[in-house]
Amino acid sequence: MRGFPPLLWHAISNRSQKGDFFLQTTLILNGSPHPNGDTAHALKFLTTHLNGSVKQISAYIAKVAPCTDCRRCKIQAGCAIEDEMQQIYPLLESCDNLVLASPLHFSELTGPLLSLCSRLQTYFSAAYFRNAPSPCKPKKASVLLVGGGTGNPEKSLQHRPMCFSLSPCTGMLSYDMLSCN
């Protein structure tokens, strides 16, 4: 993954195979600070098995502030904070698949990824305060967690319902926990 320009997001692949009638878009929210780390290698493996367009957003590169709980989204659509999250919202709303990828730091998602996920509050407010239809199309979602040592992924997996319930996901892609020595 070395040599990627420091852009907000980049297309990892835009492959199609003959006979594909419907190519899907996969959006990856990457919480790793290491462009050549274990999460990057796992994502590289994952993307080789995906058809269609794959877009990856690095939570460490994207200039996204955490939610300040100003509550503007409780009364009107959108977020009051003007930063690169404004470019991410349309990608979240239009993708077919969503992958949340992160190393585990002290059994938790990384801080920048949690900050990015906190900005999904606007979708929660649409559903539960404004009774507005979700701007997100239905999608499938998956969590890719990478950890070492004796860490436990359960705390990080608790964020899965929060992140994915805000965007109407039609199902979860299956995942297996692997143990490597």
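One is the number of the first residue; the rest follow in order along the sequence.
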Where is the tightest heavy-atom contact between [X] and [Y], given as atom of each residue plus distance?
{"X": "D38", "Y": "V146", "result": "CB-CG1, 3.4 Å"}
{"X": "T122", "Y": "R130", "result": "O-NH1, 4.1 Å"}
{"X": "I57", "Y": "A62", "result": "CG2-CB, 4.1 Å"}
{"X": "C67", "Y": "S118", "result": "N-OG, 2.9 Å"}
{"X": "C70", "Y": "A80", "result": "SG-CB, 4.0 Å"}
{"X": "S102", "Y": "T110", "result": "OG-N, 3.3 Å"}

Do [X] and [Y] come within less than 4.5 Å of each other through their side chains, counting heavy atoms only?
{"X": "L120", "Y": "L92", "result": "yes"}
{"X": "N30", "Y": "L113", "result": "no"}
{"X": "P35", "Y": "S58", "result": "no"}
{"X": "L145", "Y": "L109", "result": "yes"}
{"X": "Q56", "Y": "T26", "result": "no"}
{"X": "K55", "Y": "L91", "result": "yes"}
{"X": "Q24", "Y": "N51", "result": "no"}

- I88, Y60: one ILVMFWY side-chain cluster at the under-4.5 Å cut-off?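 No, it is not one cluster - the side chains of I88 and Y60 are not joined through contacts under 4.5 Å.
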
- Query: Yes or no on side chain to side chain contact (heavy atoms under 4.5 Å, CB included) for K140 and L98, after CA distance, side-chain angles and deciding distance?
  - Reply: CA-CA 6 Å; K140 292 186 178 174; L98 178 63; over 6 Å; no

Between the side chain of [X] and the main-chain N/O of [Y], is any donor-acceptor distance below 3.5 Å?
{"X": "R72", "Y": "G78", "result": "no"}
{"X": "H34", "Y": "A40", "result": "no"}
{"X": "K74", "Y": "A126", "result": "no"}

Rounded to the nearest 0.5 Å, what's the gap from [atom1] on [X] to [atom2] on [Y]? Could you check?
{"X": "C136", "Y": "Y123", "atom1": "SG", "atom2": "OH", "result": "4.0 Å"}
{"X": "N36", "Y": "H41", "atom1": "CG", "atom2": "NE2", "result": "5.5 Å"}
{"X": "L27", "Y": "L29", "atom1": "CG", "atom2": "CG", "result": "5.0 Å"}
{"X": "I28", "Y": "N97", "atom1": "CD1", "atom2": "CG", "result": "10.0 Å"}

- Query: What residues form a side-chain contact (heavy atoms from CB on, under 4.5 Å) with T25, not counting sequence neighbours?
  - Reply: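 S53, C95, D96.
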
- Item | side-chain contact (heavy atoms from CB on, under 4.5 Å) involving C79 - partner list, sequence neighbours excluded |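 By the side-chain contact (heavy atoms from CB on, under 4.5 Å) rule, C79 matches I81, Q86, Y89, R119.
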
- Task: Begin with the C-alpha distance, continue with both residues' side-chain angles, and end with the deciding distance and a verdict on ring pair (Phe, Tyr, Trp, His ring centres under 6.0 Å) for F45 and H49.
- Result: CA-CA 7 Å; F45 176 79; H49 297 286; 4.6 Å; yes

- Task: Inspect the surroundings of CG in D83 and state if more than 12 heavy atoms from other residues, nucleotides or ligands are less than 6.0 Å away.
- Result: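 Buried by this count: over 12 neighbours within 6.0 Å.
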
- Task: Could you give me the CA-CA distance, side-chain angles and deciding distance for Q121 and T68, then say whether side chain to side chain contact (heavy atoms under 4.5 Å, CB included) is met?
- Result: CA-CA 10 Å; Q121 178 67 24; T68 60; over 6 Å; no

- Test S125 against I75 for side chain to side chain contact (heavy atoms under 4.5 Å, CB included), laying out the working first. CA-CA 8 Å; S125 293; I75 56 173; over 6 Å; no

- Kindly indicate, with the supporting measurements, whether the criterion side chain to side chain contact (heavy atoms under 4.5 Å, CB included) is fulfilled by F129 and R71. CA-CA 10 Å; F129 295 115; R71 302 182 186 186; over 6 Å; no

